[in-house]
Amino acid sequence: MRSATIKELLSSKDLLQEITIKGWVRTFRSNRFIALNDGSTLNTIQCVVDFEKFDEDVLKKVNTGAALKITGTLVESQGRGQSVEIQVSNLEVLGIADPEEYPIQPKKHSLEFLREKAHLRIRTNTFAAIMRVRSTLSFAIHNYFRENGFNYFHAPIITGSDAEGAGEMFRVTTLDEKNPPLNEDGSVNYKEDFFGKETNLTVSGQLEAEAYAMALGKVYTFGPTFRAENSNTSRHLAEFWMIEPEMAFFDLDANMDLAEDFIKNVITYTLTHCQEDLEFLEKRLFDEEKSKPQAQRSDMPLIEKLKFVVDNNFKRVSYTEAIEILKNCKPNKKKQFKYPIKEWGTDLQSEHERFLVEKHFKCPVILFDYPAKIKAFYMRLNEDGKTVRAMDILFPGIGEIVGGSQREERLDILKQKIKDLGIDEKELWWYLDLRKFGTAEHSGFGLGFERLVLFATGMGNIRDVIPFPRTPQNAEF
Ligand code: 4AD
Ligand code: MG
């Protein structure tokens, strides 16, 4: 007797075989038809029970959510919408789910309701589809880098350096918060802390990845990163996964080429390998949008939108050109931007980014050569002395999905930058070593994995594309 997944059985041509499957009940109709799902696919397999042959007490336990072991014969289905079904000969309830208590009933639950049940929401079609897409995307990412000669590098999670110099970091300490050891001047004595210094959870693996790129050539990290920014938005998490490639001998143009090719490649992979789940998510989005005013609906169905990104060049625009567009535009007949762009040098808000992508260029945009003042210390200074070789990739419906740059490889200029920003050079001694010994042009970028999953699934809130979201006031699970 063979044990198979529902995905395998649904495409099986091998009828009349006796099989055993295990899964969870989605619905049980007319005391006769069990729709069983095991997570291997979006679909359920219909299991037909002859209720006269089974104990009433057993059938009473066949409720939505219960775990079953079913043995039976695979036969051609008489019903519509499925090719095969199982004639059940034996049925065992492995685990009950009391309908009075089990929250995931066969009806429409709001995403907000399901967020409160993050441990159970994966049992719905929507979340199972999202998480299969997420898993496929991660595989595609590793696959892409492997095929392109990159080594996978593991950046440390606990670190003594602040890569971005922006946003709050999560402190890691073993000191007694209420009664920490103090220095003579009353400040906390971190020498007595576990690592003998102040440490944090990493905000980015970039600085360490640079060290590895300067030996292995092309490397990438793909791991969790942490930011204690108190921004309660649908695009920010306190713990998110970032993909950070770093390449020796790459300038900014090569970096942009790689980023574009990489994103197109992983989306293509997902279009081929997650067709069923994407079709389901597209329909879900369509149903959800029916209730919205026309202006807020997306103009393209999900799969068409993904294909559009794959088939069209990203528009490359300098920050200076973007500012000219934004200064002169009327985003909306009635409304101005909340933060109108007055002068060159101001940082872009998400309303500006979204205007450029969604209204002006109507395609993904790569903005490059930002003012040095609004970007991190490690970005390479341009000849004009005021812009840096930075690039951000902006996506429709998402905003910034990638942030990257060519790195400053000249020791003297980097040292000056560090000094100007008031950063203690001693903190970055090892980073400066990379410029002292065999320095070379190099570049890299960071892609926010959840923002990519948001785009690929058409979901609207980042909390719905990571298994257990970490946001302010929210670490229940
Ligand atoms: O632009 P960021 O801050 O860039 C860096 O950290 C660089 N060190 C990366 C590099 O060059 N290796 O972050 C990169 C990306 C953003 O574009 C965004 O997609 C995502 O990470 N991101 C977040 N995603 C979810 N929640 C947050 N709080 C995020 N902050 C950044
Ligand atoms: Mg950024």
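Numbering of ligands and ligand atoms starts at 1, following listing order.
Within the 4.5 Å cutoff, the side chain of T159 has no heavy atoms near those of the V203 side chain. You'll find the side chain of F455 reaches within 4.5 Å of the side chain of L306, heavy atoms only.
In summary, the atoms of ligand 1 found under 4.0 Å from a heavy atom of E229, numbered by their order in the structure, are 27 (C), 28 (N), 30 (N). Listed by atom number, the atoms of ligand 1 under 4.0 Å from M242 heavy atoms are 6 (O), 13 (O), 14 (C), 15 (C), 21 (O). Remark: ligand 1 atoms within the under-4.0 Å shell around heavy atoms of V402 are 17 (O). For ligand 1 and R407, the ligand atoms under 4.0 Å from any heavy atom of the residue are 10 (C), 11 (O), 12 (N). For ligand 1 and G448, the ligand atoms under 4.0 Å from any heavy atom of the residue are 15 (C), 19 (O), 20 (C), 21 (O). Under a 4.0 Å criterion applied to the non-hydrogen atoms of G403, ligand 1 contributes the atoms 1 (O), 9 (C), 10 (C), 11 (O), 17 (O).
Residue E400: an N/O/S atom is found under 2.8 Å from the Mg ion (ligand 2).
The closest approach between a heavy atom of E400 and any atom of ligand 1 is below 4.0 Å. Heavy-atom distances between R235 and ligand 1 reach below 4.0 Å in at least one pair. Assignment of M379 to the shell around ligand 1 is not supported, since no heavy atom sits closer than 4.0 Å.
Residues E168 and R227 are not paired through a salt bridge, judged by the lack of any N-O separation under 4.0 Å between the basic side chain and the carboxylate. Of the charged side-chain nitrogens involved, none lies within less than 4.0 Å of a carboxylate oxygen, so that K307 and E304 do not count as a salt-bridged pair. Ionic pairing of E358 and K362 is not present here: no N-O contact between side-chain nitrogen and carboxylate oxygen is shorter than 4.0 angstrom. A salt bridge is defined here as a Lys NZ or Arg NE, NH1 or NH2 lying under 4.0 Å from an Asp or Glu carboxylate O, and K108 with D287 fails to meet this definition.
Compare A390, G446, A228, G205 by their heavy atoms: the one nearest to atom 10 (C) of ligand 1 is in G446. Considering each of R451, R227, E210, K375, the one bringing a non-hydrogen atom nearest atom 6 (O) of ligand 1 is R227.
With a 4.0 Å heavy-atom cut-off, ligand 1 is reached by the side chain of E244 but not by its N, CA, C or O. The side chain of Y378, and not its backbone, has at least one atom closer than 4.0 Å to an atom of ligand 1 (non-hydrogen atoms only; side chain from C-beta on). Both the backbone and the side chain of H236 come within 4.0 Å of ligand 1, judged by heavy-atom distances. With a 4.0 Å heavy-atom cut-off, ligand 1 is reached by no atom of T225.
Of the residues listed (Y152, F262, F449), the one engaging F222 in a ring pair (Phe, Tyr, Trp, His ring centres under 6.0 Å) is F449, and it is the only one.
Other residues, nucleotides and ligands contribute only 12 or fewer heavy atoms inside 6.0 Å of the CZ atom of R146. The number of heavy atoms from other shown groups lying within 6.0 Å of CD (E112) is above 12. Around the OH atom of Y339, the shell of radius 6.0 Å holds no more than 12 heavy atoms that belong to other residues, nucleotides or ligands.
For ligand 1, the polar-atom distance check finds no N/O of S405 at less than 3.5 Å from any of the ligand's N/O atoms. On a distance-only criterion, I401 and ligand 1 share at least one N/O pair closer than 3.5 Å. Considering backbone and side-chain atoms alike, L237 places an N or O below 3.5 Å from some N or O of ligand 1. When only interatomic distances are considered, the shortest N/O to N/O separation between S204 and ligand 1 falls below 3.5 Å. On a distance-only criterion, F240 and ligand 1 share no N/O pair closer than 3.5 Å.
Geometrically, K327 does not engage W344 in a cation-pi contact, judged by NZ or CZ lying under 6.0 Å from the ring centre and within 45° of the ring axis. Cation-pi check for R435 over Y431 is met; the charged atom lies under 6.0 angstrom from the ring centroid and within 45 degrees of its normal.
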Residues F250, H442; criterion ring pair (Phe, Tyr, Trp, His ring centres under 6.0 Å); working and verdict
CA-CA 5 Å; F250 267 51; H442 65 289; over 10 Å; no

